[in-house]
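Written out below as structure tokens is the structure these notes cover.
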Amino acid sequence: MKTFKPTGIVLGLLLAASLTSCHKDEEKTGAYAPKKKIQQVDYSWRNVEKEPFQHWDWNGDHLSSITHYSDFDFKDAAWVEHFTYENDRIVRVDNYTNSEYITYDYDGDHLKSATVFFENTIACTWAISYDGDHISKMTGTFYDAYKKEGTQLHLNPLSHLLPPVVCENIDKVEQRLVNQRQQEETVTFALLLTWTDDNISKIIFTGDGEYMDFRLQYDDKNCPWYGFLGGLEDYLINFSSGHTGFTKNNVTYLIITEDHYVDTIRYAYQYDSDKYPVLQTMFYADEPDDKQVLYFEY
């Protein structure tokens, strides 16, 4: 039986951007100007009543910060993600509480790379390749030192790029390989992306003898993160939310294959009159009664 915990290593995903474009009228990545702005995200699961999870603060059209309430009570373990812009694009994300930040570099209108720093030392980098306007490959290089020391980073440039469960699996593989090494080394992985229209339909994770296959299906409604480029952790390390700013629509199915083991996650939504989700229910196909719910306010 799967075990979900609302605390633990935060890794997840919000790098984002349809990374082809934020909207059809916005052709450069990192410029997040959603038609509807998220204000608050709440959470419930099992015996956990509806609790605040995130609060989003805006400065005009720019998202200035996100406050994360890791214990879901507006009191404990809260931390803030701050965004820096140049030419209306996000170029840096800071978590001052944990002395970590991410920088984003662009080549024209395309995101070229993302670098994560911890205490002013590089922890990992992601190099990004394109096929036309769609990202086709992401190559991640991870440096073992901070992992060996047990450091837990909140920021992850894959956040909202891919569904959090994808990042969760990547992080587990990375940590396992680090633990097997007797000395500090680097580990390199690749994500190969296949697109159907404006959504990622397939992700292949490969490198260092590891292989995972992710297949995704979507609804035809609006994703509120579409175009977002940040450094946010996933909603929970084990909260396998289907959100992604990388794609135009909302994930409805995520099928994971690893070592011939197949897992299926399903997502159901309630929408407002503008076809944006106001409620998302997630559950594993073999445990339909163990539901987790996100609530959105705009």
- Message: On a heavy-atom basis, which atom in Tyr69 and which in Pro52 lie closest, and how many Å separate them?
- Response: CB-O, 4.1 Å
- Within 45° cone of Tyr295 ring axis and under 6.0 Å: Lys50 NZ or CZ: yes
- Message: Membership question, hydrophobic clusters at under 4.5 Å side-chain separation (ILVMFWY): are Val251 and Val278 in the same one?
- Response: yes
- Query: Do other residues, nucleotides or ligands put more than 12 heavy atoms under 6.0 Å from Asp131 CG?
  - Reply: no
- Tracing side-chain links under 4.5 Å among I, L, V, M, F, W and Y, which residues wind up in one group with Val262? Ile255
- Message: In the structure I gave you, are the side-chain heavy atoms of Tyr101 and Asn120 within less than 4.5 Å of one another anywhere?
- Response: yes
- Item | Sequence-distant partners of Ser201, side-chain hydrogen bond (donor to acceptor under 3.5 Å, both in side chains), two or more places apart | Thr196
- Could you tell me whether a side-chain N or O of Trp126 sits under 3.5 Å from a main-chain N or O of Val116, the two making a donor and an acceptor? no
- Item | Results of side-chain contact (heavy atoms from CB on, under 4.5 Å) for Asn222 - residues two or more places apart only | Lys275, Tyr276
- Message: Under the rule for side-chain hydrogen bond (donor to acceptor under 3.5 Å, both in side chains), what residues qualify as partners of Tyr271, not counting sequence neighbours?
- Response: Asp219
- Task: Tell me, please, which residues at least two apart from Tyr253 pass side-chain hydrogen bond (donor to acceptor under 3.5 Å, both in side chains).
- Result: Arg266
- Message: Once you measure the plane-to-plane angle for Trp225 and Phe296, does it fall in the parallel (<30°), tilted (30-60°) or perpendicular (>60°) bin?
- Response: perpendicular
- Axial cation check for Phe283 ring with Lys291, 6.0 Å and 45° limits: yes
- Let me see the working for His82 and Tyr96 under ring-ring contact (aromatic ring centres under 6.0 Å, His included), right down to the final yes or no. CA-CA 8 Å; His82 300 271; Tyr96 301 115; 4.9 Å; yes
- Measure centre to centre between the rings of Phe214 and Phe205, then say whether the value is under 6.0 Å. no
- Message: Between Asp272 and Lys36, does any side-chain N to carboxylate O distance fall below 4.0 Å?
- Response: yes
- Note on the structure: Sorted by chain and number, sequence neighbours left out, side-chain contact (heavy atoms from CB on, under 4.5 Å) with Lys37 holds for Pro34, Gln39, Trp58, Asp61
